[in-house]
Student: 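Here it is, the structure, as structure tokens.
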There are 2 protein chains.
Amino acid sequence: MSTRIQILDAGEQLARARGLEAFSYADLEKAVGIRKASIHHHFKSKADLALALIERYSERFADALRDIEDAHVTPQERLRAFTGLYRDALAGGEQVCLCVAFAAGRESLPGTVALATRSFQEMALAWLEVTFNELNTPEFPDDPQDEAAAFLALLEGAQIMARGASDPALFDAAIRPFIRRLGVTGLKA
Amino acid sequence: MSTRIQILDAGEQLARARGLEAFSYADLEKAVGIRKASIHHHFKSKADLALALIERYSERFADALRDIEDAHVTPQERLRAFTGLYRDALAGGEQVCLCVAFAAGRESLPGTVALATRSFQEMALAWLEVTFNELNTPEFPDDPQDEAAAFLALLEGAQIMARGASDPALFDAAIRPFIRRLGVTGLKA
DNA sequence: GTCTATACTTTGATAGAC
DNA sequence: GTCTATCAAAGTATAGAC
């Protein structure tokens, strides 16, 4: 595995567990096993690293959405799979989605990073809006745009809650009512 | 207004907009108009300040919950008022709840602060669980504990989303389906 | 690409005068 | 309670050898 990727992996883990401002090149030095100067060779500034982090995260997320579309046909199944993405990102209650970590401290982000974070969110919302639009059932009667926003908020908030208690069970509890509503809908369809 | 309170106010604003690690005593110096050394006189360490912030926040929140109980009788009205608390905390899309800001970067929190943040969340969840328990309607058939977790996650996530885009309209969109479900329920009751 | 060495800044914190 | 002065440590970043 290339050094660049090792740095990105370590940076992402730290950013998602602590926040962008709460880790340093010294932390990366320890995690990757090379000197700070070498890390600067790969990422000239911390802003560059942060931008690379959110861009890579966005690409991986886009890939994951395509995988869901390939593997699942019904909107119910796709939404359940989408939930799995956020459940996995929890990493045992020790991390949140990079987008959540960045959005929380938005004012301290470099401009380009703030924009990329926003784009990530818009990608997620657009995909969900399409999916809720296909989900034409009485259980979700609202504007698909609102249902998408509500669902993404639920998942992001469930991550934050679980993170606050370092307990993934809180994520599961928060998601349960939605999953049940979705299941009932699935049977009706 | 006492200097101590001015420091707390400035610290809270900065923590909720940027995150705890993303502001310094130098920022407080500018905001409050006294020297760093004077701030250390009021809060010996940054950990002390952070703890004071979350404790004051918890007290104010507990007061707000009592006010809601005094002003509203039905669980529907109380939940709507609870939503207002989180909508107000958005501050135009430029801040999140202190609990959310702290929980997001949990790994970098002093131990006492992490515990106090968790307590805050548990207070919110306990209050919501009681309220959902009173809300005995077919629209919310799940375990009140799960409904409480889902609702708090929705509100916290709606804040994060709105913060990511600096746009409170995203909060409103995310909350709308819940408010509608609550409204329908209210009519049936 | 990685290293040592170093520059410069910011940060949290303390000592002691007023 | 607030100030000036100061500190050691940590932070980001660069220069130049290998």
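Basis for what follows: all heavy atoms, side chains included, without hydrogens, waters or symmetry-related copies. Naming: A, B, ... by sequence-line order, numbering from 1 per chain.
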Student: Using OP1 and OP2 only, check whether a side-chain N or O of B/S24 sits under 4.0 Å from C/dT10.
Tutor: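 No, outside the criterion.
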
Student: Taking all heavy atoms of A/R180 and all of B/P141, pick out the closest pair and write down the distance.
Tutor: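 Heavy atoms only, the tightest pair is NH2-CG, 3.3 Å.
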
Student: OP1 or OP2 of D/dG1 versus the side-chain N and O atoms of B/T3: is any pair under 4.0 Å?
Tutor: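 Negative; the distance criterion is not met.
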
Student: Within this structure, what is the OH-to-C1' distance between A/Y25 and C/dA5, rounded to whole angstrom?
Tutor: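 Spelled out: OH on A/Y25 to C1' on C/dA5 is 19 Å.
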
Student: Check the phosphate of C/dT14 against B/H41, side-chain N and O only, distance under 4.0 Å to OP1 or OP2. Yes or no?
Tutor: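 Checking C/dT14 against B/H41, no side-chain N or O comes under 4.0 Å of OP1 or OP2.
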
Student: Which of the following nucleotides, D/dA13, C/dG1, C/dA13, is nearest to the side chain of A/S45?
Tutor: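 For A/S45, the side-chain atoms sit closest to D/dA13.
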
Student: When the distance from CZ of B/F43 to P of D/dT2 is rounded to whole Å, what number comes out?
Tutor: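 It works out to 12 Å between those atoms.
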
Student: Starting at atom CG of B/L49, determine the distance to atom P of C/dT11, rounded to an integer number of angstrom.
Tutor: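 In whole Å, C/dT11 P and B/L49 CG are 15 Å from each other.
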
Student: Tell me the interatomic distance from A/E29, atom CD, to D/dT12, atom P, rounded to whole angstroms.
Tutor: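 Between P of D/dT12 and CD of A/E29: 11 Å.
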
Student: With A/L49, which of A/I39, A/I7, A/V113 fulfils side chain to side chain contact (heavy atoms under 4.5 Å, CB included)?
Tutor: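 For A/L49, the side chain to side chain contact (heavy atoms under 4.5 Å, CB included) test succeeds with only one of A/I39, A/I7, A/V113, which is A/I7.
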
Student: Over all heavy atoms of both residues, which pair between A/K46 and A/E21 is shortest? Give the atoms and the distance, please.
Tutor: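 Smallest interatomic distance, heavy atoms only, reads NZ-CA, 4.1 Å.
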
Student: Should A/R18 and B/E107 count as an ion pair when the cut-off is N to O under 4.0 Å?
Tutor: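 Salt bridge: yes.
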
Student: Report the residue (A/A37 or B/G33) whose heavy-atom-nearest nucleotide on DNA chain D is the more 5′ of the two.
Tutor: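 It is B/G33, whose closest nucleotide lies nearer the 5' terminus.
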
Student: Counting the benzene-type ring for Trp, do B/F82 and B/Y86 have ring centres under 6.0 Å apart?
Tutor: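 When the ring centroids of B/F82 and B/Y86 are compared, they turn out to be within the sub-6.0 Å range.
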
Student: Taking atom C1' of D/dT12 as reference, at what distance in whole Å does atom CG of A/D48 sit?
Tutor: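 Spelled out: CG on A/D48 to C1' on D/dT12 is 12 Å.
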
Student: Would you mind telling me which residue lines up with the more 5' stretch of DNA chain D, A/K44 or A/A26, judged by nearest nucleotide?
Tutor: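 First, find each residue's nearest nucleotide; the 5'-ward one identifies A/A26.
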
Student: Round to a whole Å and report the spacing from CD1 of A/I39 to P of C/dT4.
Tutor: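 Atom-to-atom, A/I39 to C/dT4, this comes out as 13 Å.
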
Student: Tell me the interatomic distance from A/R35, atom CZ, to D/dA13, atom P, rounded to whole angstroms.
Tutor: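 Taking atom P of D/dA13 as the reference, CZ of A/R35 is at 19 Å.
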
Student: Whole-Å distance between D/dA9 C1' and B/K36 NZ?
Tutor: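 The answer, rounded to whole Å, is 13 Å.
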
Student: Give one of base, sugar-phosphate or nothing for B/F23, where a contact means two heavy atoms less than 4.0 Å apart.
Tutor: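 Since only primed, P, OP1 and OP2 atoms lie under 4.0 Å of B/F23, the category is sugar-phosphate.
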
Student: Please check the phosphate of C/dT2 (OP1 and OP2 only) for any side-chain N or O of A/H40 closer than 4.0 Å.
Tutor: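 Answer is no, no contact under 4.0 Å.
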
Student: Are any of A/S38's side-chain N or O atoms less than 4.0 Å away from OP1 or OP2 of C/dC3?
Tutor: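 Checking A/S38 against C/dC3: at least one side-chain N or O falls below 4.0 Å of OP1 or OP2.
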
